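It should be emphasised that the depicted structure is a prediction, and the values quoted were computed from it without experimental measurement. Here is how names work: the chains are called A, B, and so on, in the same order as the sequence lines, proteins then strands, and each is numbered from 1.
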Protein chains: 2
Amino acid sequence: MNKTRTSIVDIAHAAGVSKSTVSLVLQGSPLVNEKTREKVNALIGDLGYVYNRGAANLRQSRSKIIGIVVNDLTNSFFAELAVGMDMMVQSAGYVQFLAHSGESVDRQREVISSMRENGIAGLILSPARGTEASDIKPLADSGIPVVLVVRNVPGAKVSTLLSDNYAGAKAAIRHLISLGHRRIAFMGGFADTAVFGERLRGYRDALAEANIPINEKFVIHSAPSRAGGVAAVERMMDFAERPTSALCLNDAVAFGVCDGLRSNNIEPGKGFGIVGFDDVIEAKTAVPALTTVSVDPQGMGQRAAQLVLKQINAGQTDPESIVTSVRLVVRQSCGAPVKQLEELA
Amino acid sequence: MNKTRTSIVDIAHAAGVSKSTVSLVLQGSPLVNEKTREKVNALIGDLGYVYNRGAANLRQSRSKIIGIVVNDLTNSFFAELAVGMDMMVQSAGYVQFLAHSGESVDRQREVISSMRENGIAGLILSPARGTEASDIKPLADSGIPVVLVVRNVPGAKVSTLLSDNYAGAKAAIRHLISLGHRRIAFMGGFADTAVFGERLRGYRDALAEANIPINEKFVIHSAPSRAGGVAAVERMMDFAERPTSALCLNDAVAFGVCDGLRSNNIEPGKGFGIVGFDDVIEAKTAVPALTTVSVDPQGMGQRAAQLVLKQINAGQTDPESIVTSVRLVVRQSCGAPVKQLEELA
DNA sequence: CTGTTAGCGCTTTCAT
DNA sequence: ATGAAAGCGCTAACAG
């Protein structure tokens, strides 16, 4: 209703004190007389005063706003990630600008610069595909902490949270072993990406750890796609001694493996154990029964938020630190998870 | 790096002009000499100046920030909603505080008040269950436009966007009719909620419109749940003349109907046409093949954003207006949509 | 076309 | 324990 919001001087005037005193009350300073404090607080309620954080920010030249840019909020993985961040940010008394880049680097650039103008104290970025170091350089250089999540940006000297592919693969294989499997394949992908290498290494080490000799034929290379999954199964069908289960490079491959098995009259989950890395590529399509390995997105979000907050409070970003190793969990999606080996058809 | 960001006076000084002139350049005023403008713009680039929108907001006592609070970002419906809002908000040159209340009214209250202190120009709220008019009253009273989406808050005198249940049901029935169906059931729910009434009315009117006599037995009441869907099918199996398709009260019922059909050896989508209202209750579980009627969440988000923006620009909220009727679309989820009647088994 | 001046609402020495 | 005064970075009259 009011043309101008009631301000600190309004209530100072009404209380017959100076605005400095009111400011002290607002900050909960112990220096102020109990009576004055009460009077002031009463007036604050009566006049419907609301603190103007923008003015305070200007004066102190710092803010309690953190920026979050997510490449695809539509993908439930990233939505969960955002929720995790939200939790930490709020409980630290901050607010967040949260924007969706839709995998557009242009959009992302605009949004980041807009957030910068609005005075964010830190930024968490789940980068759009194709993001370059130069996209975040100005921000980082100006002393605003930046934390990258989920995806790496080559050349960017900022803290980054990535999932631990090695540990994830290891966990998956241990899971299969614990269910009685010994002939376990690794399906999908080619040795041309870091991700493939890390996951395969986890596969090898977990098998070695269990004294299971590695059958090199069981590492079945194929396109890291649904079609690739089908192809891998076709390859496998020719083996004299077939695997009883597989770790798939990602969920797309896992879906393809399901397809391939079905067309060979094997029921996935029942006739063959599958664990897929959950990269949530196809999260929007129907999810078949599957056991997946994935990072806990909310947990990752929380950690990311904690990290920016820490850097903000530290007053300076230590741009060299590259953080990794997010805990991975084995979880079941709906339907048929991998069964004990004995129960398989 | 710099202790203090370079400001308008720094570049004014460097350019040998006054800060007012720089300000004018920043605002793209035509009053300023071409040469000066160029010089200033050059300096802006060189000195790495970034506009301090907070200061401007303070001076003008208005902001280009809008607040969005969503009850559950984890639910893909609301995530899409948020994305739709994001689109409009950004392209209008605004930024958004976006927070997740997790269905907690307390959390929601905190978040709203925090946003208020941070000077939002408007608020879009997808209210947590149990939200009361008093939760938004102070904001609205202070002249900040508030728009409610998806859920109503009784007693709140603010603009509200709800889905049009009547039109949705009508669209669904027309769709089934266009596929050749004439014996169409309405499954799930009891006549105790407004939603049920509206959807049933749409069902009736669409049938009437096509001169299809209504068979009251085809309105099969049951719990509005998955179990209720199963029950409805069981009931239907006893009919001498069975329906060939159904509109289900919501997706939960629709899933149950699928279950029920399968246990009677009827393949849903192939042997029986199903359209469900997509309330996205089970969006996080596997989605069976289904044709659904739902509001387009992104579209709804966009409309909500347009509405707040309009009210912000109008300079005053017209608190009486209650907007409804969001367009509903018939869409197919993955798998088997409803077939032409002739193709049914 | 450009400079001067006066704040926006708050915090923060520095006095008192 | 409280007040006076200066100033954060910007805009908006109003002069010139």
Side-chain angles (χ1 to χ4, degrees), chain A residues 2-41 43-44 47-65 114 116-121 142-143, chain B residues 2-41 43-44 47-65 114 116-121 142-143:
Chain A
N2 302 322
K3 194 83 251 145
T4 167
R5 303 182 357 180
T6 92
S7 87
I8 205 181
V9 318
D10 295 324
I11 87 111
H13 189 81
V17 296
S18 82
K19 55 179 183 156
S20 325
T21 308
V22 178
S23 180
L24 288 180
V25 173
L26 255 26
Q27 306 173 55
S29 163
L31 304 164
V32 54
N33 186 326
E34 195 47 47
K35 307 275 291 248
T36 343
R37 176 196 314 289
E38 280 169 16
K39 189 166 20 158
V40 166
N41 279 327
L43 265 327
I44 284 182
L47 305 191
Y49 166 74
V50 351
Y51 184 72
N52 184 332
R53 211 162 285 275
N57 289 344
L58 176 57
R59 175 60 227 247
Q60 306 179 128
S61 51
R62 61 192 166 79
S63 82
K64 287 211 161 209
I65 305 176
S114 162
R116 188 141 98 109
E117 291 185 350
N118 279 281
I120 53 176
S142 75
Chain B
N2 301 323
K3 194 80 253 145
T4 168
R5 302 182 358 179
T6 92
S7 88
I8 206 182
V9 317
D10 296 323
I11 88 113
H13 188 80
V17 298
S18 85
K19 55 179 184 156
S20 327
T21 307
V22 178
S23 182
L24 289 180
V25 173
L26 255 27
Q27 305 174 55
S29 164
L31 304 165
V32 54
N33 185 326
E34 194 49 46
K35 307 275 293 248
T36 345
R37 177 197 311 290
E38 281 170 14
K39 191 167 19 161
V40 166
N41 278 327
L43 265 328
I44 283 181
L47 305 192
Y49 167 74
V50 349
Y51 185 72
N52 185 332
R53 211 163 285 275
N57 289 343
L58 177 57
R59 176 58 228 252
Q60 305 179 130
S61 53
R62 61 194 166 78
S63 82
K64 288 212 157 207
I65 304 177
S114 162
R116 187 141 99 107
E117 291 186 350
N118 280 282
I120 54 176
S142 74

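- Nucleotide D:dG9 holds its P atom 14 Å from the CZ atom of A:R62, rounded to whole Å.
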Quiz item: Hey, mind stepping through A:V25 and A:T36 against side chain to side chain contact (heavy atoms under 4.5 Å, CB included) and telling me if it holds?
Solution: CA-CA 9 Å; A:V25 173; A:T36 343; 5.9 Å; no
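- Within residues 24-39 of chain A, the residues approaching DNA chain C are A:Q27, by heavy-atom distance under 4.0 Å.
- Atoms OG and CG, on A:S18 and A:L24 in that order, are 8.0 Å from each other to the nearest 0.5 Å.
- Note: CZ (B:R116) to P (C:dG9) measures 15 Å, nearest angstrom.
- With respect to the salt-bridge test (charged N to carboxylate O, under 4.0 angstrom), the residues B:E34 and B:R37 qualify.
- A:N57 has its side chain out of reach of B:L58: every pair of non-hydrogen atoms, C-beta onward, lies at least 4.5 Å apart.
- Atoms CD and CG, from B:E38 and B:N33 in turn, are 9.0 Å apart once rounded to the nearest 0.5 Å.
- Rounded to the nearest 0.5 angstrom, B:T21 OG1 and B:I11 CD1 are separated by 9.5 Å.
- Computed from coordinates, the A:R59 CZ to C:dG7 C1' distance equals 15 Å when rounded to whole Å.
- Taking all atoms of both residues into account, the shortest heavy-atom contact from A:V22 to A:V17 is CG2-CG2, 3.9 Å.
- OP1 or OP2 of C:dT11 sits under 4.0 Å from a side-chain N or O of A:S23.
- From A:I65, atom CD1 reaches atom CD1 of B:I65 across 6.0 Å, with rounding to the nearest 0.5 Å.
- Annotation: side chain of B:N52 is not in contact with side chain of B:S7 (no heavy-atom distance under 4.5 Å).
- The side chain of B:L58 sits closest to D:dG9 out of D:dG9, D:dC10, D:dA6.
- Atom pair A:I44:CD1 and C:dC10:C1' shows a separation of 13 Å (rounding to whole Å applied).
- Between A:N57 atom CG and C:dG9 atom P there is a gap of 15 Å when expressed in whole angstrom units.
- What separates CG of B:N52 from P of C:dC8 is a distance of 18 Å, to the nearest Å.
- A heavy-atom distance below 4.0 Å to DNA chain D is reached by these residues of residues 12-21 of chain A, ordered by number: A:G16, A:V17, A:S18, A:K19, A:S20, A:T21.
- A:G119 approaches A:S63 most closely through the heavy-atom pair O-OG, 2.6 Å.
- Rounding to whole angstrom units, CG of residue B:L47 and C1' of D:dG9 are separated by 16 Å.
- Side-chain N/O atoms of A:Q60 include none lying less than 4.0 angstrom from OP1 or OP2 on D:dC8.
- Atom-to-atom distance recorded for A:R116:CZ and B:R5:CZ is 7.5 Å, nearest 0.5 angstrom.
- Between the two ends of the helix from C:dC1-D:dG16 to C:dT16-D:dA1, each summarised by a five-pair axis, the helix axis turns through 40° (rounded to 10 degrees).
- Note that the OH atom of B:Y49 and the CG atom of B:L43 stand 12.5 Å from one another [nearest 0.5 Å].
- The listed nucleotides are C:dT12, C:dG7, D:dG9; the one nearest the side chain of B:A55 is D:dG9.
- Minimum atom distance to the side chain of B:S7 is reached by D:dC10, of the listed C:dC10, D:dC10, C:dT11.
- Whole-Å rounding puts the A:R53 CZ to C:dT11 P distance at 9 Å.
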